[in-house]
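Here is the structure we will look at.
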Amino acid sequence: MAKVIRIGGAGGFLGDSSVAAPQLLKGGDLDYMILDYLAEATMSILGQIKRERPGEGFARDFTEWVWKDNLAEFKAQGVKVITNAGGLNPHACRARMEELAAAAGLSFRIAVIEGDDLMDRIDDLSGMTELYTGAAFPPKDKLFTANAYFGGRPIAAALAAGADMVITGRVVDSALALGPLMHEFGWSDDDHDLLSAGSLAGHVIECGAQATGGLFTDWREVPDWGHIGYPIIECHADGSFIVTKPAGTGGLVSPAAVAEQILYEVGDPQGYALPDVVCDFTQVKVEQVGEHRVKVTGARGYPPSGSYKACITWADGWRFIGAMPVVGREAAAKARRQAEAVLERVGDMLRERNFAPLRETRIEILGAEASYGANASAAAQGVREVVSRVGAEHEDERALRLLTREWQSPTTSMSVGTTGWFGGAPSISPVSRVFSVLIPREQVPAKVDLGGVVTVVEAPAPATPFSPAMVERPTPPPEPQASSDLIDVPLIDLAWARSGDKGDAFNVGVIARKPAYLPWIRAGLSEAAVKTWFAHEFEGAVAPQVLRYDLPGMDALNLHCIQALGGGQFASLRLDALAKGKAQQLLDMPIQVPAGLVQP
């Protein structure tokens with residue numbers, strides 16, 4: 001019987017539900033469980049925590065909930081856990097795990113993967129410029145973190161050494177699943193198609209229930225959100241895998257739901273660069289092979305680039321975020337005028353105190369479709385209940401404290417219908433920016449620490465590094481035939497879509513509901529048309545750009561919008577800095593199709 005490895009995805013971010021691990025242990029019949037806690041924003045948070053408390057800097061969500069509550073079951077079932085919960089302090093994470101296990105009378109062989117932390121090598125990096133913008137290196141006294149992204153090979157090495165559990169620092173999210181597959185199936189560094197397939201498997205489950213109906217376009221078809229099933233992948237040595245979930249749980253595993261997750265946070269689907277491989281997802285196919293069972297095949301791979309991406313997070317001043325509800329007639333107009341008045345008042349106060357002006361401000365009227373720009377409906381301006389959300393930045397935290405002090409004053413002096421604080425007082429926090437560079441991977445060896453033995457996992461340069469010339473772009477579908485009976489229909493009638501952020505960019509993956517729709521979707525979603533539709537998202541961009549890619553295997557397109565998030569994540573004042581709603585906005589875009597193509 002062919003070997004099958006079952007991996008459960010029990011967490012997609014720091015703060016994900018604690019129900020996933022016990023659910024998967026109860027009904028998953030797993031070999032491995034992975035938990036992904038790290039993003040660039042999370043790294044900056046952990047860096048700030050570790051600066052204040054050097055013994056911290058790891059994901060306590062994992063140790064105090066997942067590990068503490070389920071360690072007896074991990075032991076009984078022999079399920080191996082692979083997680084990046086180590087964050088900036090994987091040794092402290094392991095020490096806490098061992099403490100909790102000892103208190104329960106249990107012991108585990110827990111490996112730590114280290115070497116990704118580059119804070120002690122800042123002087124070596126400080127002359128480098130930013131990978132995407134060419135910006136100069138940030139001030140060294142402002143840095144929170146500096147970490148290289150490792151791949152799956154160190155995890156495979158830890159398992160080969162006999163680890164029961166593997167705790168990593170910064171690795172690419174998909175490596176949490178790729179590492180076990182490299183170990184179990186003996187995939188070599190030259191098995192590029194297999195490494196791409198294993199990376200895709202990890203990519204599908206790295207965000208937890210997003211693969212099992214979470215965030216799905218057709219959300220009404222997804223039953224029982226309260227008990228949504230978390231994903232399981234059944235992986236085979238040929239790289240194919242089946243996505244499923246525990247029996248009796250809520251959620252939905254369908255080709256469309258899985259395809260949405262495949263395209264989540266992907267730029268060029270033929271240049272998805274990871275430490276172990278450059279992935280090509282253009283010929284990937286998703287196929288229903290049973291109830292809540294979707295088979296995924298067709299991933300291809302190219303040699304890796306030979307470099308690790310390294311991300312530095314750093315503090316660039318301070319930001320204020322405040323929210324104030326306003327109700328009644330003309331609520332949106334009243335809320336905007338009020339917010340403008342407060343900012344004007346604070347500007348006067350800053351001048352009087354010889355402070356520089358606020359370097360950036362943003363007013364968004366929630367409830368009036370603020371994030372839709374010119375695409376907001378006329379009816380939205382007539383709503384009678386809104387929240388005025390104001391963001392501001394300044395180099396000096398003291399300047400923003402003036403804004404905090406003035407924020408509640410409109411309650412008795414400005415707009416009728418102002419209700420007072422909403423969810424507590426406004427917040428002031430550091431503006432955290434990401435600075436990315438590439439480092440030759442042979443300069444950053446990973447280390448596996450297991451049972452007091454430290455093993456170096458070398459990553460020599462590939463014999464033939466990836467080159468864009470290796471890529472052969474798929475043939476686009478034929479142009480649709482001109483017709484005199486064209487009508488406008490919203491994109492949602494033709495497609496599913498999901499969006500996600502990548503720094504100061506976002507992507508929208510668009511999957512045709514029927515193959516016949518794809519040529520019309522493609523004609524409507526030209527790069528120019530998408531750039532116009534999202535014009536408000538490119539506000540302040542120096543070189544805004546939309547790139548479009550074809551994925552014929554899934555009858556899909558991927559749209560990559562560059563410089564479209566106002567800095568992205570904790571560097572952005574925008575409501576949707578993680579681009580969760582961009583696909584929803586695009587799905588309202590009218591697409592011309594023949595009148596008889598879409599049935600009512």
Side-chain angles (χ1 to χ4, degrees), residues 132-133 217 259-260 262-273 279-284 371-375 468-469 471-482 486 488-513 515-568 574 576 579-593:
Y132 302 109
T133 67
T217 299
E260 280 193 8
I262 288 173
L263 292 176
Y264 178 66
E265 294 187 341
V266 169
D268 182 350
Q270 284 188 285
Y272 190 66
C279 302
D280 179 348
F281 298 151
T282 55
Q283 302 302 326
V284 167
S371 64
Y372 280 75
N375 301 318
V471 175
E472 183 177 345
R473 297 294 178 185
T475 303
E479 292 293 323
Q481 296 298 310
L486 295 180
D488 285 342
V489 300
L491 178 61
I492 195 169
D493 289 352
L494 307 173
W496 301 280
R498 181 171 300 173
S499 55
D501 71 307
K502 280 291 186 184
D504 193 19
F506 68 84
N507 84 299
V508 185
V510 180
I511 306 109
R513 293 178 182 269
Y517 296 166
L518 183 59
W520 299 98
I521 293 171
R522 196 174 187 278
L525 297 183
S526 68
E527 292 171 345
V530 173
K531 189 175 180 181
T532 299
W533 183 260
F534 282 129
H536 58 289
E537 303 292 1
F538 294 106
E539 178 185 345
V542 176
Q545 191 176 12
V546 175
L547 302 175
R548 185 180 66 180
Y549 301 97
D550 294 295
L551 294 97
M554 293 188 292
D555 294 317
L557 302 173
N558 193 46
L559 303 164
H560 196 197
C561 300
I562 313 296
Q563 294 187 10
L565 287 178
R574 300 184 184 186
D576 189 15
K580 297 295 187 181
K582 307 312 177 192
Q584 290 294 294
Q585 294 175 20
L586 188 67
L587 286 167
D588 283 335
M589 185 172 174
I591 304 295
Q592 286 198 322
V593 299

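Position 1 is the first residue of the sequence, and the numbers go up from there. Worth saying up front: this structure is predicted, and the values here are computed from it rather than measured.
A donor-acceptor pair under 3.5 Å is absent between the side-chain atoms of D555 and the main chain of L518, judged by distance alone. The main-chain N or O of Y372 is never found under 3.5 Å from a side-chain atom of Q585 such that the two would form a donor-acceptor pair. In this structure a side-chain-to-backbone donor-acceptor pair under 3.5 Å is missing from D588 to P490. Checked by atom type and distance alone, the side chain of N507 pairs as donor or acceptor with a backbone atom of V266 at under 3.5 Å. Of the possible donor and acceptor atoms, one in the side chain of Q270 sits under 3.5 Å from a partner among the backbone N and O of E472. For H536 (side chain) and S371 (main-chain N/O), a donor-acceptor pair under 3.5 Å exists by modelled atom type.
Listed by first then second residue, pairs satisfying salt bridge (Lys or Arg N to Asp or Glu O under 4.0 Å) with a partner in residues 541-550 read R522-D550, not counting sequence neighbours. Residue pairs meeting the salt bridge (Lys or Arg N to Asp or Glu O under 4.0 Å) criterion with at least one member in residues 493-506, sequence neighbours excluded, are E260-R498.
Nearest heavy atoms, P478 versus P519: O-CB, 3.6 Å. Residues Y272 and E265 come closest through the heavy atom pair CE1-O, 4.1 Å. Closest of all the heavy-atom pairs between Y549 and R473 is CD2-NH1, 3.9 Å. For H560 against A505, the heavy-atom pair with the smallest separation is NE2-CB, 3.9 Å. Considering all non-hydrogen atoms of both residues, G509 and L263 come closest at CA-CD1, 3.7 Å. Residues F538 and A564 share a closest heavy-atom pair of CE2-CB, 3.7 Å.
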task = Any chance you could lay out the side-chain contact (heavy atoms from CB on, under 4.5 Å) test for W520 and Q592, step after step, and finish with the verdict?
result = CA-CA 7 Å; W520 299 98; Q592 286 198 322; 5.6 Å; no
ask   = How far apart are the C-alpha atoms of D488 and M589, what are their side-chain angles, what is the distance that settles it, and do they pass the side-chain contact (heavy atoms from CB on, under 4.5 Å) test?
value = CA-CA 9 Å; D488 285 342; M589 185 172 174; over 6 Å; no
side-chain contact (heavy atoms from CB on, under 4.5 Å) between I591 and L525, intermediate numbers included = CA-CA 8 Å; I591 304 295; L525 297 183; 4.0 Å; yes
Step-by-step side-chain contact (heavy atoms from CB on, under 4.5 Å) determination, V530 to V508 = CA-CA 10 Å; V530 173; V508 185; over 6 Å; no
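L547 contributes atom CG, which lies 8.5 Å from atom CG of D268 (distance to the nearest 0.5 angstrom). A distance of 6.5 Å separates CG in L494 from OH in Y517, rounded to the nearest 0.5 Å. A distance of 11.5 Å separates CG of N558 from OG1 of T282, quoted to the nearest 0.5 Å.
Under the salt bridge (charged side-chain N to carboxylate O under 4.0 Å, His left out) criterion, E539 pairs with R362, sequence neighbours left out. Here T133 pairs with E130 under the side-chain hydrogen bond (donor to acceptor under 3.5 Å, both in side chains) rule; sequence neighbours left out. The ring-ring contact (aromatic ring centres under 6.0 Å, His included) search around F534 returns F506, not counting sequence neighbours. Taking the salt bridge (charged side-chain N to carboxylate O under 4.0 Å, His left out) definition, one finds that D576 meets it with K582, sequence neighbours left out.
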